[in-house]
Amino acid sequence: MSTLSDLLAEHTGLSGTAADHLQLVVAEWQLLSDLSFADFLLWVPIGPQAAPESRFLCVAQARPTTAPTAHPEDVVSTEVTQEEHPQLRRAALEGRICREEDPRWHLGVPVRRETIPVKLGDEIVAVLSRDTNLAVPRVPSPLEISYLGSAADLCQMVADGTFPTPEPAPDVHTSPRVGDGLIRLDSSGTVVFASPNALSAYHRMGHAADLVGAQLAPLTRSLLNDPFDADEVAQRVRRAMGGQPSMRIEAEARGATVLFRALPLRPRGQQAGALVLVRDVTEVKRRDRALMSKDAMIREIHHRVKNNLQTVAALLRLQARRTGNNEARLALDESVRRVTSIALVHETLSMSVDERVDLDDVVDRVIPMMSDVAAAETGVKVRREGRFGVVSAELATPLVMVLTELVQNAFEHAFPEGQGGEVVVQAERSARWLDVVISDDGRGLPKGFSLERAERLGLQIVRTLVESELRGSLSLRGRGRQPGTEAVLRVPLKYRR
C-alpha cells in the first residue's frame, strides 16, 4: 500500500508546503470523522480542475469510531470522474462545502455525501468527502447535536484554510480523542456541553457538580495541584478562545492525571467558542511509572552483575599471577577473558532501555582486548568487516561468548609459534539470519579434524552454546586454495525456545 506522500508525489504536482498541509489534515481528521459520525476521504485532482474530464484520486481514508462506516472497503487509490462525483469538482471550483440533495446507495447502504474544499492560502489543494452511513437511524440527543455542530464549525474552518494549523512540538506524544471526553465552550468561555467521559474526568479531579454553565478556565485552575500547571492549562483554554491552537498538556489533581487539548472554533473568521478535549490518563501514567521503575531496576541489576563479574575477573587475574604452573595460569587467563566478555554485554544492557544490544559496539570492545594480547605475543592481528546490528539480550551473551572463543581458538591454534597473521571477523545480516565467518590465514585444520569429536574446552563451549542457546549451526572448514581456516556460524534472529 502506497503512503500519502507516495501517492501525492506520483500523481500530483503539489508543492511541498501543500503536501505538508495535507499531512496535517490527515493527522487531525479522526477528530472530524468521530464528531461527524462519518467516513472522511481525501481526494486530489489529477487533471485540470476546470476541464470536464477532471478526475480525482483518493489518497487517504478515515473511518469513524462513533458510528458504522460507509466504506467497509478500502477506497485509497480509487479514481473517480466528475460525472461519478460532481460535488468534488464543485467544491474545488467554488471553494465551498457542497452536499448532495439525495442520498445514494453504496454496497446496499444509503450514504449521504458532502464535499469540503481543503484551502491553503488562496489555493484549493484537495477536497474532503464526508460520507455518512444512513442505514442506522440516529435519535437526536444533546451529545449528537453538540458533536455535529462542532464538526460543522471545524469543517468550515478547513474550507476557510484556518484548520488545521501547525502546532509547536507537543509536551506529550498522545492526544485525547472525541470518545475520551469533549467539552464545548461558547464565545464567553462558558461550558455549554460536556460529554459523560469529560464529566467523569472532572469528577476524578474533584469537581462534584455538573460542568454546564461553569467558566472552564478558572474552574480547571482551582482543581489542579501544581500552580504552574493550573495557570498553563487556564492560559491555553483562553488562547483557544482567542483563536490560537494550543499544545496538549498533562496536569494532576487529587491523584488523577488528565490530558487536555483546546481547539479554537472560528468558522468564517467568527468567534464561536472552543472545543476542549480531555482524557483521564491516570491508569496509563501509573503503568508507565511501573514500567519505568521496572526498567530502571533491570538496568541496575545488569550494572551490578557487570560489577560482580569484573570483581571475579580481577580475582582470577590475581590468582593467575600467583600461580607457578603454566597450564593453570593459561586456564585462568582464559576464564578471565570469558568473564570479561560476559561483563561487557551486561554493561551494554545496563545502558539499554529495551533489553537490546548493539553487537557491533560490544564486539569492537572485545576484539581489541584480545588483539592487543595476541599481537604482543604472536604478531597476529584481527579486524571486523560488516555489521552485526542490534540483537536481543537473550542472544547477545551466547553470541559474544561464541565469537570470542572462535577468535581465541584462531589465535592459539592457527599459527605456528613466532609466525604472525590475520584473523578476519566478517558479519552479514538479513531479515532472518545473522551469518558470521571467522577466517584466518594460518596453517589450516589438522588432518582428520572433526568438530563433533574436538576435546578442546573452548570448542566444546562453542558447540554447546550454538546448539542449545542460539539454535544455530557451526562448521569449520578450509579456505579452498588459500591457506587457513574458516569458522562459519549461522544464527536465526527469531526463534522459539
Side-chain angles (χ1 to χ4, degrees), residues 294-295 298-299 301-302 305-306 309 334-335 337-367 369-370 382 384-414 423-440 445 449-479 484-497:
K294 181 179 179 181
D295 181 66
I298 291 173
R299 292 204 302 271
I301 290 171
H302 283 304
V305 169
K306 182 263 296 184
L309 289 173
E334 287 187 359
S335 298
R337 172 178 48 77
R338 290 166 184 147
V339 171
T340 302
S341 299
I342 299 173
L344 282 173
V345 174
H346 282 281
E347 182 180 5
T348 304
L349 287 170
S350 71
M351 296 180 288
S352 171
V353 296
D354 57 359
E355 284 290 287
R356 294 174 67 79
V357 176
D358 184 347
L359 210 59
D360 295 304
D361 179 60
V362 177
V363 170
D364 286 345
R365 296 169 67 185
V366 171
I367 286 180
M369 292 191 305
M370 302 171 62
V382 61
R384 172 176 69 89
E385 294 181 355
R387 292 189 66 255
F388 289 88
V390 177
V391 299
S392 62
E394 61 184 355
L395 290 179
T397 298
L399 257 176
V400 171
M401 284 285 291
V402 167
L403 293 174
T404 54
E405 291 294 337
L406 291 174
V407 171
Q408 184 65 29
N409 186 70
F411 286 159
E412 294 180 355
H413 303 287
V423 177
V424 179
V425 180
Q426 186 173 19
E428 183 176 347
R429 181 167 179 156
S430 65
R432 295 181 55 194
W433 301 97
L434 175 62
D435 292 296
V436 183
V437 178
I438 299 173
S439 60
D440 63 71
L445 293 171
F449 174 83
S450 171
L451 179 61
E452 290 72 21
R453 296 194 300 269
E455 296 181 357
R456 300 171 192 163
L457 177 60
L459 289 180
Q460 290 178 359
I461 291 173
V462 167
R463 194 169 65 247
T464 300
L465 290 174
V466 170
E467 293 175 356
S468 63
E469 296 292 326
L470 300 177
R471 300 293 196 273
S473 62
L474 174 69
S475 64
L476 267 65
R477 67 191 185 194
R479 300 177 63 195
T485 305
E486 289 182 340
V488 182
L489 173 67
R490 165 165 275 203
V491 178
L493 295 175
K494 295 181 181 179
Y495 64 86
R496 294 181 180 178
R497 290 190 178 275

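- With sequence neighbours left out, Ser430 forms a side chain to side chain donor-acceptor pair (under 3.5 Å) with no residue at all.
- Remark: the backbone N or O of Thr485 is paired with a side-chain donor or acceptor of Asp440 at under 3.5 angstrom.
- To the nearest 0.5 Å, the span separating CG on Leu493 from CG on Leu395 amounts to 7.0 Å.
- Remark: side-chain polar atoms of Arg471 are not paired, donor with acceptor, to backbone N or O of Pro492 under 3.5 angstrom.
- Across all non-hydrogen atoms, the minimal contact from Ala410 to Val423 is CB-CG2, 3.9 Å.
- Within the 4.5 Å cutoff, side-chain heavy atoms of Leu406 are placed close to those of Leu474.
- Side chain of Asp358 to main chain of Val390: no donor-acceptor pair is present (N/O by atom type, distance under 3.5 Å, no hydrogens or angles).
- Residues satisfying the side-chain contact (heavy atoms from CB on, under 4.5 Å) criterion with Ser450, sequence neighbours excluded, are Glu452, Arg453.
- Heavy-atom contacts from other residues, nucleotides or ligands closer than 6.0 Å to CD of Gln460 number more than 12.
- For the pair Thr397 and Glu469, the minimum side-chain heavy-atom distance is 4.5 Å or more.
- Taken from CZ in Arg463 to CG in Leu451, the straight-line distance is 5.5 Å, to the nearest 0.5 Å.
- Rounded to the nearest 0.5 Å, atoms CD (Glu428) and CZ (Arg490) are 9.0 Å apart.
- Ile461 contributes atom CD1, which lies 5.0 Å from atom CD of Glu405 (distance to the nearest 0.5 angstrom).
- You'll find the side chain of Phe388 stays beyond 4.5 Å of the side chain of Val362, heavy atoms only.
- Residues Pro398 and Leu470 come closest through the heavy atom pair CG-CD2, 3.6 Å.
- A pairwise comparison of heavy atoms in Val425 and Val382 identifies CG2-CG2, 4.2 Å as the closest pair.
- Taking all atoms of both residues into account, the shortest heavy-atom contact from Asp360 to Gly386 is OD1-O, 4.3 Å.
- A 4.5 Å side-chain heavy-atom check between Leu459 and Asn409 finds at least one atom pair inside the cut-off.
- With sequence neighbours left out, the salt bridge (charged side-chain N to carboxylate O under 4.0 Å, His left out) criterion links Arg477 to Glu486.
- Looking at heavy atoms from C-beta onward, Val462 lies out of side-chain contact with Leu489 at the 4.5 angstrom threshold.
- To the nearest 0.5 Å, the span separating CZ on Arg387 from CD on Gln426 amounts to 14.5 Å.
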* **Derivation and outcome, side-chain contact (heavy atoms from CB on, under 4.5 Å), residues Val391 and Arg429** => CA-CA 11 Å; Val391 299; Arg429 181 167 179 156; 3.8 Å; yes
* Verdict with reasoning, Leu434 to Leu399, per side-chain contact (heavy atoms from CB on, under 4.5 Å) -> CA-CA 10 Å; Leu434 175 62; Leu399 257 176; 3.9 Å; yes
